[in-house]
Student: 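Let me begin by handing over the structure; questions about it come next.
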Amino acid sequence: MKVIVIGSGGREHAIAWKLSQSPDVEQVVCVPGNGGTAFENKCLNVNPANCDYLDGASGNAAYVKIAQKEGCSFCVIGPEDPLAAGVADAFWDAGIPAVGPKHAAAQLEASKDLAKDFMHKYGVACAKSKTFTNKDEARAYVKKEGAPIVLKADGLAAGKGVVVALTLEEALSAVDELMDGQLVGDAGKKLVVEEYLRGSEISILAAVSVTPESAKAGKACILPFLSARDHKRLLDGAKGPNTGGMGAISPVDDVTPLITSQFEKNILEPTLKGLIEEKFDYRGFIFFGLMLTEDGPKCLEYNVRLGDPETQAVLPLMDFDFFKMCQAITDGSLKDFNLEWKKGYCVAPVVVSGGYPKSYKKGLDISMNREAFAATGAKLFVAGAVNDRRATHSNAEDFTGLVTNGGRVLACSSYGDTFQEAWDKAYEALKTVHFTDMFYRKDIGLPGAAESN
C-alpha cells in the first residue's frame with residue numbers, strides 16, 4: 001500500500017520513517033516532505049508547487065489529487081493547519097481513509113476558547129479561565145486577578161500565541177500586543193485569560209478512534225502513549241525565550257502510577273466522553289499538554305495531532321507496527337490493538353539555527369561524519385532543512401546536499417536501556433553534525449532542565 005503523509009517538519013519525518021518500517025507499506029509519499037524524507041527509505045517527496053497536473057487545485061483539493069495521482073490509498077496528516085481546514089474530511093469524501101480528526105473536532109486546537117468550553121462542560125481537570133473580545137475588559141480582568149497569569153490567543157498561532165506573564169506590567173503589555181494583532185495577527189482578536197498553575201509540564205500523546213458508529217458499538221477509545229517532556233526554553237536551565245521546542249525525552253520518570261491514574265480518571269475519560277457526546281468524527285491523534293500540580297495533573301491544552309518534538313522521542317520507543325495501528329484508528333478496531341513499548345528511554349535534543357527564535361540565516365550547508373554518527377546508533381529527524389532531490393533514497397543518513405531552511409533544523413534521537421545511555425549517545429552523535437552557527441541545549445532531560453512554575 002502507498003501512504004501519503006501531509007507535512008514538512010520533524011514530526012512528519014518521524015511519521016514517514018515509522019510508517020516505512022511496516023512490511024505492508026510499499027511507499028510513503030511526503031507532501032511536501034523535507035530534506036530528511038528525501039533520503040528516507042521508501043519515501044518520495046512531492047511538492048505541490050512542482051505538480052503540473054493540479055490544474056489550479058490548491059489546499060485540500062491539491063492534497064487529494066496528489067494522493068490519487070501517486071496511487072495512495074491511505075493518509076496520515078501531520079500539522080494542525082490543514083486539519084483545521086478540513087483536509088481529513090476531503091480525504092474521506094474521496095474514499096481515502098485519513099488519520100486525523102475531521103473539521104469539527106479539529107477546532108479543539110484551532111480555538112482555545114472552544115477547547116476551554118469543552119473542558120469545563122465535560123469536567124476535564126484544567127485551569128479556570130475567561131475569554132475576552134474587548135481589550136479594555138481583558139485588561140480590567142487581568143488587573144483584578146493579578147500576576148502571574150497566562151494569556152492565550154484563541155486561534156492557531158504556530159506556538160507563539162501563549163504568554164506566561166510573571167508581572168502585571170508584562171501581562172497588560174501582552175494583552176495589548178495579542179489583541180492588537182502585533183504578535184499573532186487575527187489569532188489574538190479573541191483572548192483566553194487563564195489561571196497560572198504551579199508545577200511541571202509533561203505531554204501525553206495518544207491514538208483516538210471515535211465516531212458515532214464506534215461509540216454506539218462500544219468501540220470508541222483513546223489509547224495513551226508513553227509520557228514525554230518537551231523543553232521549550234532556548235537556553236540551558238530552562239532559561240531564555242520560549243521556542244517551538246528544544247528537545248524531548250520519553251518516558252518521564254516523575255509520572256508515577258498515581259499521576260497516570262489521575263490523568264485517566266480526570267482528563268482522558270471525560271475527554272473521551274465529550275468527544276462521544278459531541279458526536280465528533282475523531283480518528284487520529286491527540287496531544288494532552290499537562291501540568292503536574294499538587295492537586296494532580298491538569299490539562300493545559302489539546303493539540304489535535306502528534307506533538308513536535310515529542311513525536312521524535314516517542315515513536316522510536318514503539319515496539320509495534322505503526323501503520324497497523326493507524327489502520328486500527330480508521331477502521332474502528334483500535335480498542336483491540338495492543339500497544340507494546342521498548343523498555344528503555346529516548347532522548348531527542350533539537351538543533352537550531354543561530355538567532356532562533358528570532359531572525360536566522362537559511363541556506364547553510366549541513367555536514368556530518370557518517371561513520372562516527374552511525375557508531376552512536378542515533379537517528380536524525382530533519383525539520384528545517386531541504387534538498388531538491390525527488391528520487392527515493394536507500395541511505396537515510398546520507399545527507400549530502402542538505403541545507404538549512406528553518407529555525408529548528410533537526411532532532412537527534414537516541415535510544416538507550418537507561419536514560420544516561422540514551423543521553424550520552426544523542427549528544428555524542430550531535431558532535432558529528434555541523435553547520436555554521438548551529439546551536440543546541442546541552443541539558444535536555446537533566447535535572448533542572450524542565451520548565452516548572
Side-chain angles (χ1 to χ4, degrees), residues 79-86 88 100-165 171-197 201 203 208 210 242 266-268 270-282 284 286-291 297-305 307:
E80 63 271 27
D81 286 340
L83 287 168
K102 288 189 176 180
H103 176 266
Q107 303 316 302
L108 285 172
E109 179 172 0
S111 170
K112 294 289 192 297
D113 180 45
L114 184 148
K116 293 299 293 193
D117 282 347
F118 177 94
M119 292 180 201
H120 292 313
K121 181 177 180 180
Y122 293 104
V124 175
C126 64
K128 72 174 184 178
S129 67
K130 195 168 183 178
T131 301
F132 298 90
T133 55
N134 181 285
K135 186 173 70 173
D136 291 335
E137 292 178 359
R139 286 176 60 89
Y141 181 79
V142 167
K143 288 179 180 178
K144 179 173 71 78
E145 293 295 312
I149 199 164
V150 180
L151 303 104
K152 296 181 177 180
D154 173 62
L156 293 174
K160 301 175 183 177
V162 178
V163 175
V164 179
L172 293 174
S173 176
V175 170
D176 293 340
E177 292 176 343
L178 286 166
M179 299 195 79
D180 287 342
Q182 299 174 46
L183 289 182
V184 293
D186 289 344
K189 295 296 184 183
K190 183 185 287 187
L191 186 69
V192 177
V193 182
E194 195 170 88
E195 170 192 11
Y196 177 87
L197 297 176
E201 289 190 42
S203 309
V208 184
V210 176
N242 269 319
N266 301 325
I267 297 173
L268 188 151
T271 297
L272 177 59
K273 178 182 178 183
L275 298 180
I276 293 171
E277 291 292 326
E278 297 293 328
K279 294 182 170 55
F280 284 146
D281 188 330
Y282 198 131
I286 195 167
F287 169 114
F288 296 94
L290 307 178
M291 183 70 80
K298 293 193 176 183
C299 190
L300 297 173
E301 64 175 348
Y302 296 123
N303 291 166
V304 298
R305 33 73 186 185

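Below, each value reflects all heavy atoms present in this structure, side chains not excepted, and no hydrogens, waters or symmetry copies.
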Student: Any heavy-atom pair between the side chains of C126 and H120 that's under 4.5 Å?
Tutor: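 H120 vs C126: side chains touch.
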Student: Looking at K189 and D154, would you say the former's side chain and the latter's main chain have a donor-acceptor pair under 3.5 Å?
Tutor: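 Checked: no pair found.
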Student: What's the separation between atom OH in Y302 and atom CE in M119, rounded to the nearest 0.5 Å?
Tutor: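 Y302 OH to M119 CE: 5.0 Å, rounded to 0.5 Å.
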Student: What's the spacing between L272 CG and Y122 OH if we round to 0.5 Å?
Tutor: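 It comes to 11.5 Å.
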Student: Could you pull out the closest heavy-atom pair between A153 and L191, with the gap in Å?
Tutor: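 That closest heavy-atom pairing would be N-CD1, 4.1 Å.
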Student: Could you tell me how the ring of Y141 sits relative to the ring of F132: parallel (under 30°), tilted (30 to 60°) or perpendicular (over 60°)?
Tutor: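 If you compare the ring of Y141 with that of F132, the planes turn out tilted.
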Student: Do K116 and T131 make a side-chain contact, defined as non-hydrogen atoms from C-beta onward lying under 4.5 Å apart?
Tutor: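 Answer no - side chains too far apart.
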Student: Roughly how far, to the nearest 0.5 Å, is the CG atom of L156 from the CD atom of Q107?
Tutor: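 That separation rounds to 8.0 Å.
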Student: List the atom of L178, the atom of G161, and the distance in Å for their closest heavy-atom pair.
Tutor: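 Where L178 meets G161 most closely, the heavy atoms are CD2-O, 4.3 Å.
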Student: Taking E194 for the side chain and V150 for the main chain, is one N or O donor matched with an acceptor at less than 3.5 Å?
Tutor: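 The answer is no, because no donor-acceptor pair under 3.5 Å joins these two groups.
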Student: So, do T271 and F118 sit near enough that their side-chain heavy atoms are less than 4.5 Å apart?
Tutor: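 Contact flag for T271/F118 side chains = yes.
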Student: Decide, yes or no, whether a salt bridge links E145 with K130 under the criterion of side-chain N to carboxylate O below 4.0 Å.
Tutor: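 Not counted as a salt bridge, because no side-chain N and carboxylate O are separated by less than 4.0 Å.
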Student: Do you know the tightest heavy-atom contact between A105 and V304?
Tutor: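 In this case the closest contact between A105 and V304 is O-CG1, 3.9 Å.
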Student: Do K298 and E195 sit within salt-bridge range, that is, some charged N less than 4.0 Å from a carboxylate O?
Tutor: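 No salt bridge links K298 with E195.
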Student: Can you measure from NZ (K190) to CG (N134) and round to the nearest 0.5 angstrom?
Tutor: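 Taking NZ in K190 and CG in N134, the distance rounds to 13.5 Å.
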Student: Measure across L151 and A174 and return the closest heavy-atom pair with its distance rounded to 0.1 Å.
Tutor: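 Closest heavy-atom pair between L151 and A174: CD1-CB, 4.2 Å.
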Student: Taking all atoms of both residues into account, what is the closest heavy-atom pair of P297 and A125, and its distance?
Tutor: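 Closest pair (atom of P297, atom of A125, distance): O-CB, 3.9 Å.
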Student: Evaluate the side-chain proximity of V162 to N242: yes if any heavy-atom separation is below 4.5 Å, no if none is.
Tutor: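 Result no, sub-4.5 Å side-chain heavy-atom pair not found.
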Student: Specify the closest pair of heavy atoms between K152 and L300, including all atoms of both residues, with the distance to one decimal.
Tutor: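 In terms of heavy atoms, the two residues are closest at NZ-O, 2.8 Å.
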Student: Does the side chain of P101 reach to within under 4.5 Å of the side chain of V208, using non-hydrogen atoms?
Tutor: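 The answer is no; the side chains never approach within 4.5 Å.
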Student: Considering only NZ, NE, NH1 and NH2 on the basic side and carboxylate oxygens on the acidic side, decide whether E278 and K121 come within less than 4.0 Å.
Tutor: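 Yes, this pair counts.
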Student: Would you give the length of the straight line joining atom CG of D117 to atom NZ of K112, rounded to the nearest 0.5 angstrom?
Tutor: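 The distance works out to 14.0 Å.
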Student: Would you give the length of the straight line joining atom CG of N303 to atom CZ of F288, rounded to the nearest 0.5 angstrom?
Tutor: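 Answer rounded to 0.5 Å: 11.0 Å.
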